[in-house]
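Letters go in sequence order (proteins before strands), and every chain restarts at 1. All values below come from the heavy atoms of this structure, side chains included, with hydrogens, waters and symmetry mates left out. The structure displayed is predicted, hence computed values, not measured ones.
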Amino acid sequence: MYKTHTCGELRKEDVGKDVSLAGWVDRRRDHGGVTFVDLRDRFGVVQLVTNPDISPAAHHALDPVRMEWVIKVDGNVRRRPEGMENPDIATGNVEVEVTKVEILNPARTPPFMIQQEEEVDEQTRLKYRYLDLRSDRMRDNLILRHKVVKYIRDYLDERDFIEVETPILFKATPEGARDYLVPSRVHPGEFYALPQSPQQLKQMLMVAGVERYFQIARCFRDEDLRVDRQPEFTQLDLEMSFVEREDVMELIEDLYTQMVQEITPEKKIYQTPWPRLSYEEVMNRFGKDNPDIRFGMELVDITDLVAESEFRVFSSVVEKGGDVRGIKAPGLGEYSRNQIDEFTEFVKQYGAKGLAYIAITETGEERSTFLKFIDENTKAALYQRMGAEDGDLLLFIADQQEIVLDCLGRLREELRDRMDLVDGDTLAFCWVIDFPLFTWNEEEDRWDPSHHLFTAPMPEDVKHLDEDPSQARGQQYDLVLNGYEIGGGSIRIHDGELQEKVFDLIGLDREVARERFGHMLQAFSYGTPPHGGIAPGIDRLCMLLANEPNIREVIAFPKNQSARDVMGDAPSSVTEEQLEELHIKLDLD
RNA sequence: GGGGGCGUGGUGUAGCGGUUAACAUGCGGCCCUGUCAAGGCCGAGAUCGCCGGUUCGAAUCCGGUCGUCCCCGCCA
């Protein structure tokens, strides 16, 4: 037997026991005589002691042993001498006096020190991911993720959901993200696609009468990567029949609230029940549809106040139908011209032409790009609307509404980070609802679905589909946490006729629609229950629960930014024979 | 597709026109019987990502290239 106990479980109560332990050498402290070895396994660390006077054979057996060697020891648990306890580790009151050592496998000197992976180049960590994952941090992240998924499965199982697997090899959909394609050997020239999500399939399961489906589903999208985006990621995919949007939202809210309390009790949920905010409201208040509501500093519309102003930057924008809005950064009134310029550069990245400001020092002195152009009354009204006080910095953008909101929304979160306004142990969940069903696509001169093309309109808005599609709101809901979209869903269209009308609206040719979605329309003609669902992202949730700065830290084997697996070296070239079998000829420049 | 940051011993950094390329840690050796990032002494280990240019002289300046991270576009 390798182990009678794990390295993390020995306590005062175990003193006197003969134990066998096995694990990795975390550290070794050789005092010439007495030698200490910290032995680590998945469950913790315990201190081993050898003494040449007591057990010379065991003592010398440890001589060659170095960090990350895998060893098995027999020994006796004893209480540490008075004053030698280590309160920093769970097993710190005891140690194991070693009587026998067996080297199970020596280790080369690792390319980096396991517990210091935070300051190691990420590429090195990814190349040796199996070493990186030995660290407490990564081990804890893997465990956290396991707990999240297990909690979800147990919770949904208790509520009569069944987990159904859907195919990974399915059909390409030109809408939305780019597909990963898989060539077919038996059908020359034809391709499967890896699913961007099991959307169509879960709706088919509703037609099939499953009623309550979920799946911890892997999804694939061939788009460029970000801190919170990987080409393959995991969703809790869920769909229910005979529900309205409130039913789905309540289910997820209850699930996540209980899960967080159970798994990360140190986290505080900012507001319960979770606020339900309309798309229009969050855009006006926060400038983005996935707002971080943990702090204030909301956007303020001053278009009406400055429409007639002498400051042409403002008034000319208003003439052209644009907006002027601002944000107040309390306490930044002493910022230098240079510091403010950094904000200007920041918003220019997102299309703003400039940034107007009023900086008010603690003593009430004002520096401004435009104050001299506006009269006292306007200034007073502006200060009142923004709640401006001594010491504040007021920042303004004038442009088309879309740009103003986007830039100020991003600026607001930039200020959050600079001013350190939020606490990572606060989870501010909220729902964003009442999205417009369509958004106008300027380039293609047509309406695009804002969520996806199966989203049902609000019943009272169906009438708008014919006259003014922009007025139609969808029965859609986005789940937002601390400024990240961590899920989205909707009540679906279950009526073939309405579905065809939506296809028409987005300019999808009937023939093309039949080719791509004929199977769905056909399915819907055989008795389809009203249904809806949601697909919360597991990776982003775990990232936030683990206070990690990016999604890769909660994925065992992530891809790097250029979608490469640096450990396994994928993607890689294949043999001529493989290509031939797949009827593929390469055309590389 | 575009913009920006970073590439110096195994790892993390310093050096930014002339240095024996510095420091920490890890690694090897010796000493050390109560440490827990143990300590002390000694030692090995880097053609400064790569290619080209400027210069009497390049880790250092310039151009290109590759890698990586962050961002924009993209992600229904």
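- Across the strands present, B/A22 finds its partner in B/U13; the criterion is a Watson-Crick or G-U wobble pair with both atom distances under 3.5 angstrom.
- By the 5.5 angstrom centroid cut-off and the 30-degree plane limit, A/His31 is classified as stacked against the base of B/A38.
- Side-chain proximity of A/Thr109 to B/G26, B/G34, B/C70: nearest is B/G26.
- Pair check for B/C6 finds B/G67; Watson-Crick or G-U wobble, both atom distances under 3.5 Å.
- For A/His5 and A/Phe43, the ring centers are positioned 6.0 Å apart or more.
- At a cut-off of 3.5 angstrom, counting only N and O atoms as typed in the model, there is a donor on one side and an acceptor on the other between the side-chain of A/Arg80 and the base of B/U35.
- At the heavy-atom level, A/Arg108 lies nowhere under 4.0 Å from the strands shown.
- Across all strands, A/Asn560 comes closer than 4.0 Å only to sugar-phosphate atoms, never to a base (heavy-atom distances).
- Residue A/Arg28 places none of its side-chain N or O atoms closer than 4.0 Å to OP1 or OP2 of B/C36.
- Applying the 3.5 Å distance criterion, the base of B/C74 shares no donor-acceptor pair with the side chain of A/Arg221.
- Pair assignment for B/U60 gives none, since no Watson-Crick or G-U wobble pairing has each distance under 3.5 Å.
- Following rounding to the nearest Å, A/Arg125 (CZ) and B/U68 (P) show an atom-to-atom distance of 16 Å.
- Ionic pairing of A/Glu232 and A/Arg221 is not present here: no N-O contact between side-chain nitrogen and carboxylate oxygen is shorter than 4.0 angstrom.
- With a cut-off of 3.5 Å on both Watson-Crick or G-U wobble distances, the partner of B/C30 is given as B/G40.
- The residue A/Glu85 sits close to a base: some heavy atom pair falls under 4.0 Å.
- Within 4.0 Å (heavy atoms only), A/Glu414 reaches no atom of the nucleic acid at all.
- Of the charged side-chain nitrogens involved, none lies within less than 4.0 Å of a carboxylate oxygen, so that A/Arg28 and A/Asp26 do not count as a salt-bridged pair.
- The phosphate of B/G34 (OP1 or OP2) has no side-chain N or O of A/Arg78 nearer than 4.0 angstrom.
- Take A/Glu97 and apply the salt bridge (Lys or Arg N to Asp or Glu O under 4.0 Å) test, not counting sequence neighbours, and it matches A/Arg78.
- Considering all non-hydrogen atoms of both residues, A/Gln235 and A/Ile538 come closest at C-CG1, 4.0 Å.
- Salt bridge absent: A/Arg79 and A/Glu85 never bring a charged side-chain N and a carboxylate O closer than 4.0 Å.
- With a cut-off of 3.5 Å on both pairing distances, B/A46 has no Watson-Crick or G-U wobble partner at all.
- As judged by a 4.0 angstrom heavy-atom cut-off over every strand, A/Gln123 is placed among residues touching the sugar-phosphate backbone only.
- In this structure, A/Pro449 reaches the sugar-phosphate backbone alone: every heavy-atom distance under 4.0 Å involves primed, P, OP1 or OP2 atoms, never a base.
- Summarising the geometry, the separation between CG on A/Asp565 and P on B/U68 is reported as 12 Å, rounded to the nearest angstrom.
- Between A/Glu497 and A/Lys501, none of the side-chain N atoms (NZ, or NE/NH1/NH2) sits under 4.0 Å from a carboxylate O, so this pair counts as no salt bridge.
- Taking the P atom of each, B/G73 and B/G2 are spaced 16 Å apart, rounded to whole Å.
- Using a 4.0 Å cut-off, some side-chain N or O of A/Gln561 falls inside it from OP1 or OP2 of B/C70.
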**OP:** Sugar-phosphate atoms are those with a prime plus P, OP1 and OP2; base atoms are the rest. Using that split, label each nucleotide of nucleotides 7-12 of chain B B, S or - for protein heavy atoms under 4.0 Å, 5' to 3'.
**Re:** ---SSS
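- Nucleotides of RNA chain B nearest to A/Gln199 and A/Pro52 differ in position, and the one nearer the 5' end is that of A/Pro52.
- Between the C1' atom of B/G3 and the CZ atom of A/Phe346 lies a distance of 14 Å, rounded to the nearest Å.
- For B/U68, the OP1/OP2 oxygens have a side-chain nitrogen or oxygen of A/Ser562 closer than 4.0 Å.
- A salt bridge does not link A/Arg412 with A/Asp292: none of the charged nitrogens is closer than 4.0 Å to a carboxylate oxygen.
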Subject >> Heavy-atom protein contacts under 4.0 Å, nucleotides 40-46 of chain B, coded B base, S sugar-phosphate only, - none >> reply: -------
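- For the contact set between residues 224-233 of chain A and RNA chain B, defined by any heavy atom under 4.0 Å, the members are A/Asp224, A/Arg226, A/Val227, A/Arg229.
- Atom-to-atom, OH of A/Tyr350 to P of B/G73 comes out at 8 Å; the value is rounded to the nearest Å.
- Across A/Asp179 and A/Asp222, no two heavy atoms sit closer than the pair O-CB, 4.0 Å.
- A salt bridge does not link A/Lys12 to A/Asp14: none of the charged nitrogens lies less than 4.0 Å from a carboxylate oxygen.
- Within 4.0 Å of A/Thr173, counting heavy atoms only, lies no atom of the nucleic acid at all.
- Contact annotation: side chain of A/Gln116 to base of B/G26, donor-acceptor pair absent below 3.5 Å.
- Between A/Arg29 and the phosphate of B/A38, there is a side-chain N or O to OP1/OP2 separation shorter than 4.0 Å.
- Of the two residues near RNA chain B, A/Asp448 and A/Asn51, the one whose nearest nucleotide lies more 5' is A/Asn51.
- Partners of A/Pro558 under the side-chain contact (heavy atoms from CB on, under 4.5 Å) rule, at least two apart in sequence or in another chain, are A/Leu126, A/Arg129, A/Gln230, A/Arg552, A/Ile555.
- Here the P atom of nucleotide B/C27 and the CG atom of A/Asp30 are 12 Å apart, to the nearest Å.
- Note on A/Arg473 versus A/Asp461: salt bridge recorded, some NZ/NE/NH1/NH2 to OD/OE distance being below 4.0 Å.
- In this model, the phosphate group of B/C75 is not approached by any side-chain N or O of A/Arg178 to a distance below 4.0 Å at OP1 or OP2.
- In this structure, A/Arg108 does not pair ionically with A/Glu68, as no charged nitrogen and carboxylate oxygen lie closer than 4.0 Å.
- Applying the side chain to side chain donor-acceptor pair (under 3.5 Å) rule to A/Lys353 yields the partners A/Asp399; only residues at least two apart in sequence or on another chain are considered.
- The distance from atom CZ of A/Phe220 to atom C1' of B/C75 is 16 Å, rounded to the nearest whole Å.
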